[in-house]
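In listed order, ligands and their atoms are each counted from 1. Given the structure is predicted, the values throughout are model-derived calculations rather than measurements.
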Amino acid sequence: MTSFIFNELNFDDHEQVVFVSEPKSGLKGIIAVHNTNLGPAMGGCRMWNYASEALAVNDVLRLSRGMTYKNAVAGLPIGGGKSVIIGNPKTDKTPALFEALGEALERLGGRYITAEDVGTSPQDMAHVATQTGYVAGLGSSGDPSPYTALGCFVGAQAAVKHHFKRDSMDGLTVALQGLGHVGFDYARRLHAAGAKLVVADIDAVALERARAELGAEVVGVDAIYDVDADIYAPCALGATLNPNTLSRLRAKIVAGGANNQLATDDIGDLLRQKGVLYAPDFVLNAGGIIKVCYEYLKKPETDVEAHVREISDTLAEIFPRADKEGRSTAVVADELARSRFQR
Ligand code: NAD
């Protein structure tokens, strides 16, 4: 029997995958609930002009699985899920589209809770919220990115302590790629801790701000991989750790907020062989989902920071285990997540 779904590269025993079509609004979406052992699945709704439906299926399967791992390793009482809407976020958005998504979430009865993601905004989520309560991150208490940046910073501190055997960032050079919501805040913290910043972005305004406010040195978008830095901090795109960049990388630590930094799984091992300590992206960048989860569960915002700071304890568990077992930190982090969510 030929298989289109169950042998799909990213199919990983997902509990439930729902295809949603609503002709009046034009909604074509997919909701993937990967695992709910720890609680209802939570993860954002991505809107993207996918070139094919197969690519959309692939994406939602991969992303929902990733959320299970991220949420579990962050110690949150939620499972992993994700949804995608097939369409152009610049031209195809209407309130009705997101209301139809809200109706679909309501039919799932709380097994999946959505939030904003690439291509969607808090305003879109407000339209979802007219039909269902199973939506988080409505922006009522602000942008979660500063918490993501805090997680990156405490994670980088843990990496520095483990790899360089020192408590201070003072005098270290950080090559930081992407000065957006996460990257700029992370850069500000690094600067305040005494690190020297070398930065790249495609946005000239962000670069000028980093130069003026943080004394950052600016390099071209491709030159960031060649910087003689102690830490490489990817905070823009995914898959920036690939065979091409690996041979150029001079940093001894990778600690950044971008999702899916390893182009392929074997890169984790290649980094280890090269003597580079990789702080796994989904461990490091969980600050945002921690904040959104607290908001949804109506837990006190005053407790969010302490929870985000636990990211450094998690890494302090992962790094020595990876050393001892001679395995990549990414594999050890996956295993830690599985030990928490698998029954
Ligand atoms: P953002 O869009 O605010 O910032 C991205 C920045 O990267 C922008 O300044 C952009 O100009 C820059 N950029 C784009 N292409 C670039 C290139 N080729 N080279 C250098 N810079 C480039 O996004 P964000 O919210 O800061 O998120 C950054 C990364 O972190 C993404 O991978 C995102 O998925 C991930 N992430 C974000 C959060 C969060 O709380 N925002 C949480 C978890 C993970």
Side-chain angles (χ1 to χ4, degrees), residues 42-48 59 62-63 66-67 69-71 73-74 76 80 82 84 89 115-122 125 136-137 139 141-156 174-189 197-211 213-214 216-227 232-242 244-245 254-263 279-295 304-305 307-308 311:
M42 192 183 280
C45 171
R46 182 164 291 196
M47 183 163 182
W48 195 252
D59 214 26
R62 179 177 65 86
L63 294 167
M67 288 311 297
Y69 282 72
K70 183 187 294 206
N71 296 342
V73 97
L76 293 169
K82 201 91 180 182
V84 298
E116 68 163 309
D117 196 72
V118 175
T120 61
S121 66
M125 294 304 118
S141 64
D143 175 13
S145 310
Y147 287 105
T148 308
L150 171 65
C152 291
F153 180 72
V154 298
V174 183
L176 192 141
Q177 178 181 44
L179 290 159
H181 288 93
V182 175
F184 203 92
D185 220 60
Y186 181 22
R188 211 185 334 244
R189 286 181 181 276
L197 293 164
V198 182
V199 299
D201 200 299
I202 50 171
D203 179 349
V205 176
L207 289 172
E208 189 40 47
R209 208 174 134 216
R211 206 190 324 240
E213 289 179 26
L214 311 175
E217 178 188 335
V218 172
V219 296
V221 286
D222 189 54
I224 195 79
Y225 302 109
D226 303 313
V227 173
Y232 165 55
C235 298
L237 322 158
T240 61
L241 294 162
N242 54 53
N244 167 37
T245 58
V254 176
N259 277 316
N260 304 314
Q261 292 166 21
L262 306 182
D281 48 16
F282 70 95
V283 181
L284 209 69
N285 70 18
I289 188 74
I290 293 172
K291 156 81 168 75
V292 169
C293 179
Y294 268 60
E295 191 178 320
V304 174
E305 177 167 340
H307 195 139
V308 174
I311 287 173

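Contacts between Leu237 and ligand 1 below 4.0 angstrom, taking non-hydrogen atoms only, involve the side chain exclusively. In Thr148, the part holding a heavy atom less than 4.0 Å from any atom of ligand 1 is the side chain. When heavy-atom distances to ligand 1 are checked against a 4.0 Å cut-off, Ala200 comes that close only through its backbone atoms N, CA, C and O.
Within the 4.0 angstrom cut-off, atom 2 (O) of ligand 1 has no protein heavy-atom neighbours. At least one protein heavy atom sits closer than 4.0 Å to atom 9 (O) of ligand 1.
In this structure, the side chains of Leu241 and Tyr232 come closer than 4.5 Å at one or more pairs of heavy atoms. The closest side-chain heavy-atom distance from Leu179 to Arg209 is not below 4.5 Å.
Going from atom CG of Asn259 over to atom CG of Leu237 covers 11.5 Å, rounded to the nearest 0.5 Å. Taking OG of Ser145 as the start and CG of Asn285 as the end, the distance is 11.0 Å to the nearest 0.5 Å. Atom CE of Met42 sits about 8.5 Å away from atom CG of Leu76, to the nearest 0.5 Å. Rounding to the nearest 0.5 Å gives a distance of 7.0 Å between CG of Asp222 and CG of Asn244.
Looking at ligand 1, you'll find an N or O of Ser145 within less than 3.5 Å of one of its N or O atoms. Taking distance alone, with nitrogen or oxygen atoms compared against 3.5 Å, Val221 stays at or beyond that limit from ligand 1. Looking at Gly288 next to ligand 1, no N or O pair under 3.5 Å apart turns up.
The option with the heavy atom closest to atom 11 (O) of ligand 1, from among Asp117, Asp203, Asp201, is Asp201. Residue Val182 holds the heavy atom nearest to atom 24 (P) of ligand 1 of all those in Val118, Asn259, Val182, Leu207.
Heavy-atom contacts of Gly178 reach the following atoms of ligand 1: 7 (O), 21 (N) (cutoff under 4.0 Å). If you number the atoms of ligand 1 from 1 as listed, the ones under 4.0 Å from a heavy atom of Ala258 come out as 29 (C), 30 (O), 32 (O), 35 (C). Close contacts between ligand 1 and Leu179 involve ligand atoms 9 (O) [criterion: under 4.0 Å to a heavy atom].
Under the 3.5 Å distance criterion, the side-chain polar atoms of Asn242 are left unmatched by any main-chain donor or acceptor of Ala263. Between the side chain of Asp185 and the backbone N or O of Ala149 there is no donor-acceptor pair closer than 3.5 Å.
Contact analysis leaves Ala206 out of contact with ligand 1, as no non-hydrogen atom separation drops below 4.0 angstrom.
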